[in-house]
Number of protein chains: 2
Amino acid sequence: MPRVAVDVLLKREILDPQGRAVEEALPGLGYEGVREVRVGKHLELVVDAADEELAARVDAMCQGFLTNPVIESYRWRVIEESERADV
Amino acid sequence: MPRVAVDVLLKREILDPQGRAVEEALPGLGYEGVREVRVGKHLELVVDAADEELAARVDAMCQGFLTNPVIESYRWRVIEESERADV
């Protein structure tokens, strides 16, 4: 069954205070030269769906529940077991 | 300059209450057949680094500031402008 990774960020025109805070903290911690920091949500989930219905199922879930489409945008992709972020 | 996407999740053996809450809410909202939901952080940032030093810079930042390596694991990848999640 496909394992899906969803990335959610505030839309580009929306101020991201968490991203701004990270960006401003980095130089003081010795990490120079980092900019355009945006912080959002990452989800991984397994969807019991055939390939041909997967996109519709994931998009419905993202738009209807996992994100706020007014202020957030998202991308999703199918990942392999070996690509899981939770090692 | 490389644009980097970082995905952070709680390690697999750590309980993820937010993922559990999402997983349990989905059927009631009409989204059936979803399991193993994990919820974490997604960051995108631009790093002013040459290719050969990028990995060391990103890993240092992830391990030293962006994640808690005791309970979280992460993956990162270079993304194109067109792959940004903040459309």
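Lettering follows sequence order; numbering is per chain, from 1.
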Please say yes or no: joined through hydrophobic side-chain contacts below 4.5 Å, possibly via intermediate residues, are [X] and [Y] part of one cluster?
X       : Y       : answer
B:Val34 : A:Val6  : yes
A:Val37 : B:Val8  : yes
B:Tyr31 : A:Val47 : yes
A:Phe65 : A:Trp76 : yes

If you count heavy-atom pairs under 4.5 Å between each of [options] and chain B, which one has the most?
options                           : result
A:Met1, A:Glu32, A:Glu13, A:Glu83 : A:Glu83
A:Leu10, A:Val46, A:Val4, A:Asp48 : A:Val46
A:Ala49, A:Gly64, A:Gly33         : A:Gly33

**A:Glu44/B:Arg12 salt bridge by N-O under 4.0 Å criterion** =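 A:Glu44 and B:Arg12: not salt-bridged.
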**Engaged part of B:Arg84 at the chain A interface, taking heavy atoms whose separation is under 4.5 Å** = both
**Prompt:** By number, which residues in residues 14-26 of chain A have some heavy atom less than 4.5 Å away from chain B?
**Reply:**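 When heavy atoms of chain B are the reference, residues 14-26 of chain A contributes A:Val22, A:Ala25, A:Leu26 within the under-4.5 Å range.
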**Request:** Mind checking the CG-CZ spacing from B:Leu45 to A:Arg38? Nearest 0.5 Å is all I need.
**Result:**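 Those atoms lie 12.0 Å apart.
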**Message:** Taking side chain to side chain contact (heavy atoms under 4.5 Å, CB included) as the criterion, tell me which of B:Lys11, B:Arg75, B:Glu72 meets it with A:Val87.
**Reply:** B:Arg75
**Option among B:Val39, B:Asp7, B:Leu43 that satisfies the side chain to side chain contact (heavy atoms under 4.5 Å, CB included) test with A:His42** =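 The side chain to side chain contact (heavy atoms under 4.5 Å, CB included) with A:His42 is passed solely by B:Asp7 among B:Val39, B:Asp7, B:Leu43.
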**Prompt:** Can you name the residues of residues 51-61 of chain B that have some heavy atom under 4.5 Å away from a heavy atom in chain A?
**Reply:** B:Arg57, B:Ala60, B:Met61
**Prompt:** What part of A:Leu29 gets closer than 4.5 Å to chain B, counting heavy atoms only: side chain, backbone, both or neither?
**Reply:** side chain
**Contacting region of A:Tyr74 [heavy-atom separation from chain B under 4.5 Å]** = backbone
